[in-house]
Trainee: 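This is the structure, below, for whatever I ask next.
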Amino acid sequence: MWHLARTRMFAGLVFSMIFACAGWLQAQSRTTPTAEEIVRRMLVKNDERQAALEHYRTDRTYQLEYDGTGGKHHAEMVVRAEYQAPGRKNFTVLSESGSKLLCREVLRRLVDKEEETSEKPDWQRAMFSSDTYTVQLLGREQLEGMNTWILKVEPKVDSKVAYRGKVWVSMDDFAMVRVMGEPARSPSWMLDSAAFDSWYMRRGDVWVPAKNVSTTHVRIGGEAKVTIDYGKYDVLLTRPIVAADQHGHEGASVQNAGRPLKASLTH
């Protein structure tokens with residue numbers, strides 16, 4: 001008799017556990033947004049954060065390592081970058097070392113190209129949307145202590161800067177945390193393959209580029225790796241962030257706000 005009662009008790013506990021787990025899974029499925037919803041909310045939040053960004057100053061370090069024809073070569077450049085809303089950037093080269101040829105023909109051209117297109121926002125974030133990319137939610141991952149969604153992305157449009165790969169989006173504030181991929185088409189017949197890995201970091205209420213590593217393999221032999229460390233953002237000024245659905249009511253107060261707020265520099 002006792003054995004039968006214990007068996008029934010055990011069966012009841014198992015049923016309760018299964019029922020509770022099923023309920024939890026159903027709740028999770030209801031609260032997990034779709035890939036398209038994640039992208040939509042990320043774009044809205046990106047616009048809000050970009051509108052809040054007033055000014056920053058940071059010293060970037062550009063490094064180039066080339067291993068190929070003629071042996072190994074190294075070049076490094078330190079550049080002061082200053083941003084002023086609504087999109088003006090100024091660059092000042094502070095120092096150069098290593099190969100003068102690589103500094104002049106590669107690193108300086110990178111800096112000049114960014115300065116020419118300074119009124120355009122970060123291209124990886126600017127061109128990313130559900131209209132330009134097919135997105136698929138792969139799952140979740142904790143990235144440096146941060147909970148993120150992982151999106152697989154494939155371009156819908158043919159563009160020189162289109163890429164395929166993965167995008168990590170913060171579950172906390174729908175910010176793009178990391179982008180890793182490769183160009184959808186080779187930028188040059190001389191390149192056998194190319195890949196990049198871009199990271200962003202939070203500074204106060206906004207997100208800014210943290211690091212980018214780009215690697216290319218040349219068909220005739222050799223590999224080049226360019227690393228950009230975007231620095232600590234010693235000066236970073238922002239205005240209060242206004243939600244998109246509040247712009248109509250609070251736009252005037254934001255435009256007439258006093259001095260910008262200095263964002264926290266704690267990573």
Side-chain angles (χ1 to χ4, degrees), residues 20-53 120-159 161-184 194-215 227-230 233 236 238 240-247 263-267:
C21 289
W24 181 83
L25 290 173
Q26 289 177 354
Q28 288 294 104
S29 64
R30 287 195 300 268
T31 58
T32 299
T34 64
E36 289 74 16
E37 176 66 13
I38 292 173
V39 172
R40 187 190 69 79
R41 296 183 67 177
M42 181 186 72
L43 294 177
V44 171
K45 293 295 184 182
N46 281 349
D47 287 343
E48 294 172 1
R49 286 185 282 259
Q50 186 62 40
L53 182 59
K120 298 179 181 179
D122 177 2
W123 65 269
Q124 288 176 350
R125 287 189 282 188
M127 72 168 296
F128 184 71
S129 72
S130 296
D131 294 330
T132 55
Y133 281 86
T134 300
V135 293
Q136 176 187 353
L137 181 58
L138 297 181
R140 309 178 181 197
E141 182 178 345
Q142 193 170 68
L143 208 60
E144 293 192 346
M146 186 183 313
N147 293 321
T148 64
W149 286 294
I150 312 173
L151 301 177
K152 178 183 178 181
V153 298
E154 290 282 346
K156 293 181 180 179
V157 297
D158 186 25
S159 169
V161 294
Y163 61 91
R164 60 172 57 90
K166 296 179 181 179
V167 175
W168 284 258
V169 180
S170 167
M171 296 173 64
D172 178 39
D173 57 2
F174 290 90
M176 184 180 285
V177 179
R178 183 185 184 188
V179 187
M180 183 171 66
E182 60 185 21
F196 67 88
D197 190 2
S198 298
W199 289 74
Y200 299 86
M201 59 184 170
R202 181 186 293 157
R203 284 293 182 261
D205 292 327
V206 299
W207 286 74
V208 289
K211 187 176 183 179
N212 178 279
V213 179
S214 300
T215 306
T227 302
I228 306 175
D229 185 335
Y230 288 86
Y233 295 84
L236 194 154
T238 63
I241 290 181
V242 178
D245 57 356
Q246 295 177 321
H247 279 301
S264 167
L265 296 183
T266 303
H267 183 41

Trainee: Does T148 have any side-chain hydrogen bond (donor to acceptor under 3.5 Å, both in side chains) partners at least two apart in sequence or in another chain, and if so, which?
Mentor: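 Checked T148 against side-chain hydrogen bond (donor to acceptor under 3.5 Å, both in side chains); zero matches.
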Trainee: Could you go through V177 and E144, starting from their C-alpha distance and side-chain angles, then the distance that decides it, and tell me whether this counts as side-chain contact (heavy atoms from CB on, under 4.5 Å)?
Mentor: CA-CA 10 Å; V177 179; E144 293 192 346; over 6 Å; no
Trainee: Return the minimal non-hydrogen interatomic distance between E182 and A194, and the atom names on each side.
Mentor: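 Minimum heavy-atom contact is CB-O, 3.2 Å.
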Trainee: Between CE of M42 and CG of D47, what distance do you get to the nearest 0.5 Å?
Mentor: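 M42 atom CE to D47 atom CG measures 10.0 Å (nearest 0.5 Å).
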Trainee: Indicate yes or no for a side-chain donor-acceptor contact from Y230 to the backbone of W199 under 3.5 Å, with no hydrogens or angles considered.
Mentor: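 It does not hold such a pair.
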Trainee: For Q142 versus N147, what's the shortest heavy-atom pair and its separation?
Mentor: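 Heavy-atom minimum between the residues: NE2-OD1, 3.5 Å.
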Trainee: So N212 and D197, do their side chains get closer than 4.5 Å, heavy atoms only?
Mentor: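 No. Closest side-chain heavy atoms not under 4.5 Å.
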Trainee: Hey, what do you get for CE (M171) to CD1 (I38), rounding to the nearest 0.5 Å?
Mentor: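 These two atoms lie 8.0 Å from each other.
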Trainee: When rounded to the nearest 0.5 angstrom, what is the spacing between OH in Y200 and CZ in R178?
Mentor: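 One gets 12.5 Å once the value is rounded to the nearest 0.5 Å.
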Trainee: Taking atom OG1 of T134 and atom CD of E36, what is their separation to the nearest 0.5 Å?
Mentor: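 Between T134 OG1 and E36 CD, I get 9.0 Å after rounding to 0.5 Å.
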Trainee: Classify the ring geometry between Y133 and Y163 as parallel (under 30°), tilted (30 to 60°) or perpendicular (over 60°).
Mentor: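 The rings of Y133 and Y163 sit tilted, inter-plane angle from 30° to 60°.
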Trainee: Could you give me the CA-CA distance, side-chain angles and deciding distance for V39 and L151, then say whether side-chain contact (heavy atoms from CB on, under 4.5 Å) is met?
Mentor: CA-CA 9 Å; V39 172; L151 301 177; 3.8 Å; yes
Trainee: Using the side chain to side chain contact (heavy atoms under 4.5 Å, CB included) rule, pick out the option among R41, E37, R40 that qualifies with F174.
Mentor: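 Of the listed residues R41, E37, R40, the side chain to side chain contact (heavy atoms under 4.5 Å, CB included) partner of F174 is R41.
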Trainee: Looking only at heavy atoms, which two atoms of R164 and P155 are closest? And how far apart?
Mentor: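 Result for this residue pair: CB-CD, 4.0 Å.
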Trainee: Could you tell me which non-hydrogen atom of T32 sits nearest to which non-hydrogen atom of R140, and how far apart they are?
Mentor: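 Reported closest heavy-atom pair: OG1-NH2, 2.7 Å.
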Trainee: Please round to the nearest 0.5 Å and tell me the distance separating atom NZ of K45 and atom CD of Q50.
Mentor: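 The NZ atom of K45 sits 15.5 Å away from the CD atom of Q50.
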Trainee: Just jot down the side-chain hydrogen bond (donor to acceptor under 3.5 Å, both in side chains) partners of W149, sequence neighbours excluded, or say none.
Mentor: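 For W149, no residue satisfies side-chain hydrogen bond (donor to acceptor under 3.5 Å, both in side chains) once neighbours in sequence are set aside.
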Trainee: Evaluate the side-chain contact (heavy atoms from CB on, under 4.5 Å) criterion for residues V208 and M201: first the C-alpha distance (whole Å), next the side-chain angles of each, then the deciding distance (0.1 Å), finally the verdict.
Mentor: CA-CA 6 Å; V208 289; M201 59 184 170; 4.1 Å; yes
Trainee: Flag the pair V206 / L236 as yes when at least one side-chain heavy-atom distance between them is below 4.5 Å, and no otherwise.
Mentor: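 A side-chain contact under 4.5 Å exists here.
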Trainee: Decide yes or no for M176 and W207: does some side-chain heavy atom of the first lie under 4.5 Å from some side-chain heavy atom of the second?
Mentor: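 Not in contact.
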Trainee: Any side-chain heavy atom of W168 within less than 4.5 Å of one from M146?
Mentor: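 No. Closest side-chain heavy atoms not under 4.5 Å.
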Trainee: Could you report the tightest heavy-atom contact between L137 and P33, atom names first, then the distance?
Mentor: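 In this case the closest contact between L137 and P33 is CD2-O, 3.7 Å.
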Trainee: Taking all non-hydrogen atoms of both residues, which atom of K166 and which atom of I150 are closest, and how far apart?
Mentor: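 Smallest heavy-atom distance, with atoms named: CD-CG2, 4.2 Å.
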Trainee: Is a salt bridge present between K156 and D131, judged by a nitrogen-to-oxygen distance below 4.0 Å?
Mentor: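 Answer for the salt bridge query: no.
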